[in-house]
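Encoded as structure tokens, the structure appears first; notes follow it.
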Amino acid sequence: MSAQTVTETAPVIDVVGLRKSFGSNEVLKGIDLSVTAGEVISLIGPSGSGKSTILRCLNRLEDPTSGTVRVAGFDLTDPKVDINEVRRHVGMVFQHFNLFPNMSVIENVMLAPVETKKRSKDEARKQALGLLERVGLAEKADARPSQLSGGQKQRVAIARALAMEPGIMLFDEATSALDPEMVGEVLEVIRELAQTGITMVLVTHEMGFAREVCDRVVFMADGVVCEEGAPEQLFGNPQTPRLQEFLSKVL
Amino acid sequence: MHLSRPRIGLRAVAGVAAAALAMLLGGTAAQAAPAPASQPAAVVQAKLPAVAPADLGGKKFTIATDTTFAPFEFRDTSSGDLVGIDMDILRAIAKDQNFQVDIQSLGFQAALSAVTSGQADGVIAGMSITDERKKIFDFSDPYFESGVQMAIAASNDTIKGYEDLKGQTVVAKSGSEGLAEAQKLAAQYGFTVKALDQSATMYESVKNQSAVAVFDDYPVLAYGIAQGNGLKVVTDKIPGGQYGFAVAKGKNAELLAAFNDGLANLKASGEYQRILDQYLNPQAASSGNIFQLAADSWPALSKGLWNTIVITLVAFVIALALGLIFGFMKVSTSRVLRGIATVYVAIFRGTPILVWAFLFYFGLPQITGVKGDIFWAGVATLALNSGAYLTEIVRGGLQSVDPGQMEASRSLGLGWGKSMQRVVVPQAVKISTPSIINQLVITLKDSSLLLTIGFAELLYQAQQIYAANFRTTEMLIIVGVIYFIVITLLTWLANYVDKKVNK
């Protein structure tokens with residue numbers, strides 16, 4: 001099965017009974033989560049609730065302890081799956097950017113398309129310039145990552161993830177490490193991206209942004225999905241005491 | 001200062017090697033014929049040439065010798081050639097008997113090992129003929145009558161004979177005939193004998209008056225005094241041991257016979273006496289200031305410097321490869337690979353370089369039967385040692401790269417290998433470069449330890465020179481400066497490359 005055979009209505013992410021333990025510490029205690037193509041969802045919840053771990057199980061940066069994870073038509077828990085192939089369909093943006101300091105900005109963006117033989121160097125450069133243009137950083141193409149501000153770094157990281165033209169984008173607290181005045185420029189890029197029809201899963205602490213941009217919000221606590229629904233419903237009329245308590249603290 | 005046998009801490013190492021050798025040689029001693037029989041046999045052979053033609057037809061023999069045991073073998077300061085009584089006699093005999101010699105200057109203990117292990121055909125190294133040695137070697141007719149003599153400071157006018165030593169302290173070398181003779185006289189004349197390990201220490205203690213006299217081998221003393229080492233003799237030599245040329249027991253009888261014939265011819269022609277006089281009654285001591293000395297020594301030192309640089313670079317390239325391989329094994333997920341790398345590092349970081357140098361050069365050939373090559377034995381020693389340290393440097397470098405870098409690369413769909421190659425390793429190299437440069441400098445300095453197996457690197461050449469001219473301090477300053485300059489230049493170059501490559 002490949003990504004192309006997935007239809008618009010079928011879920012592109014389908015997680016069933018996902019459990020994950022680190023040693024004796026069980027972080028995910030049976031998660032069911034389904035995301036359809038083009039849907040933008042955010043995972044919210046207190047620190048340590050397992051939001052980032054779910055995200056990292058979606059491209060197998062963490063191996064699930066049990067349960068099934070299907071992403072873009074691949075069964076990630078199948079040991080025979082070509083994980084590198086899966087990851088080319090799933091872009092990821094990290095809290096700490098993780099740009100490669102040994103390369104220039106444009107080389108960061110070009111790396112994956114060139115190394116996976118998807119594109120020639122010339123094509124990759126052209127595409128990378130287009131992506132940098134899209135995140136407003138075309139003029140920084142030849143700069144080193146160390147010469148950029150935090151917000152600029154994260155915009156480059158988004159361009160880098162987009163270079164493989166993934167159907168799914170994962171954002172792991174993309175704005176948490178930024179100075180407040182730089183949060184806006186990054187959210188702006190993500191907002192524009194959300195309107196292109198790409199499937200997105202965001203782990204975020206930006207409640208206002210989640211409310212505005214997402215189709216659905218998933219609230220997690222203590223390794224389980226506590227409550228989920230449309231943003232207006234979740235933020236406007238929280239059902240569980242746990243969510244009410246959480247919202248009273250963050251809003 | 002007089003250093004007749006300069007060996008930096010070599011005694012202990014030689015002991016280790018000798019012990020290893022004894023084990024490896026197995027029953028050699030047990031097979032030995034009764035000791036007294038061996039020398040008469042050689043003498044009989046010596047008489048033979050009257051009937052057999054004294055000609056070996058230009059055949060080539062490998063002869064091992066000491067690195068420096070003036071006046072028997074040492075490097076001529078300006079030419080760098082090996083000269084001395086042993087060398088001159090050997091060459092004169094070779095000419096007389098029409099054979100060729102390939103002289104290997106290895107160090108005393110190493111020269112003996114080379115002959116017993118079959119790496120050399122014969123040994124001439126100011127070697128006393130003893131019953132113990134006759135079990136393992138066949139000796140030629142004695143070519144030198146040695147003995148022990150007493151020397152005192154040149155400025156000392158109060159000591160005129162042994163009777164003036166009453167209540168005083170004298171020094172002699174541990175385990176030497178000089179010590180034995182001094183101890184015999186000590187009871188009779190009422191003085192104290194102190195045993196020291198190094199010739200240099202002995203002579204210095206006489207000059208600085210912590211001892212009044214030194215008992216040492218007569219030829220060594222005679223040569224040193226003639227070179228102006230600040231001592232003088234006031235008593236006659238006590239006749240003692242005889243020096244002989246030796247081959248492995250039961251081997252190379254033809255060479256031994258030729259040596260005896262040639263020696264007889266040299267004595268008859270007066271050439272023998274001329275050679276002895278040249279070394280034991282020399283006229284002028286070396287002169288000139290340190291700059292003159294450096295200039296005179298440069299031909300020999302530059303050869304040594306070249307060898308130092310070549311062996312360091314060759315060994316370091318191999319060490320880098322080892323460091324990369326084992327460094328990656330150390331960070332791998334396989335318990336077995338990690339274990340192998342850990343054992344490698346533990347072994348080579350936990351053992352002295354000298355042990356490996358001796359094992360590779362003397363031990364291995366006896367196990368494999370293949371003649372050892374000193375250069376590659378040295379390369380193996382340095383590379384394996386340095387590789388162990390580089391393994392840890394590589395491991396540290398790889399582990400100091402933020403794990404997020406690997407995750408970011410893997411999340412883009414690059415495999416582990418590609419991620420290492422394009423993302424992690426370039427950063428690890430940048431982080432590790434200062435440590436790698438540091439290791440290169442250490443390796444260069446460690447290469448001087450190879451002098452113990454007779455590899456002609458820089459410090460070895462310097463030792464050869466000061467053993468002959470007694471200008472130890474100045475020579476050490478000269479090589480110290482050379483090492484300093486070379487290491488400084490190397491560090492600059494490495495930092496320059498680092499800046500160019502690791503922007």
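Letters A, B, ... are given to chains in the order of the sequence lines, protein chains preceding strands, and every chain is numbered from 1. If you're wondering where the values come from, they're calculated on a predicted model, not measured in any experiment.
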field: Non-hydrogen atoms of A/N84 and B/R410 that approach each other most closely
entry: OD1-NH2, 3.3 Å
statement: Heavy-atom nearest pair, A/N102 first then B/R422, reads ND2-O, 3.0 Å
- prompt: Do other residues, nucleotides or ligands put more than 12 heavy atoms under 6.0 Å from the CG atom of A/N25?
  reply: yes
query: Just how far is it from atom CG of A/L111 to atom NZ of B/K418, taken to the nearest 0.5 Å?
result: 9.0 Å
query: Can you tell me how far CG of B/L412 sits from CZ of A/R87, rounded to the nearest 0.5 angstrom?
result: 10.0 Å
message: Does anything in residues 387-399 of chain B reach chain A? List residues with heavy atoms under 4.5 Å apart, or say none.
response: none
Within-4.5 Å side-chain heavy-atom neighbours: A/P101 and B/K430: no
Residue pair B/G404 / A/N98: nearest heavy atoms and the distance that separates them: O-ND2, 3.0 Å
message: To check you understand the geometry: which heavy-atom pair defines the closest contact between B/G413 and A/R88, and what is its length?
response: O-NH2, 3.1 Å
message: Counting heavy-atom pairs closer than 4.5 Å to chain B, which one of A/N59, A/L99, A/L170 comes out on top?
response: A/L99
- prompt: Measuring from B/S409:OG to A/E115:CD, what's the distance to the nearest 0.5 Å?
  reply: 8.5 Å
- prompt: How long is the span from the CG atom in B/D402 to the CZ atom in A/F100, to the nearest 0.5 Å?
  reply: 11.0 Å
field: Neighbourhood of chain A inside residues 317-346 of chain B, taking heavy atoms under 4.5 Å as contact
entry: none
message: To the closest 0.5 Å, what do you measure between CZ (A/R56) and CD (B/E407)?
response: 4.0 Å
statement: Heaviest contributor of heavy-atom pairs below 4.5 Å to chain B, chosen from A/L61, A/I83, A/V86, is A/L61
message: Working to the nearest 0.5 angstrom, can you tell me the gap between A/R60 CZ and B/S411 OG?
response: 14.0 Å
query: Counting only heavy atoms not in B/Y496, do more than 12 sit closer than 6.0 Å to its OH atom?
result: no
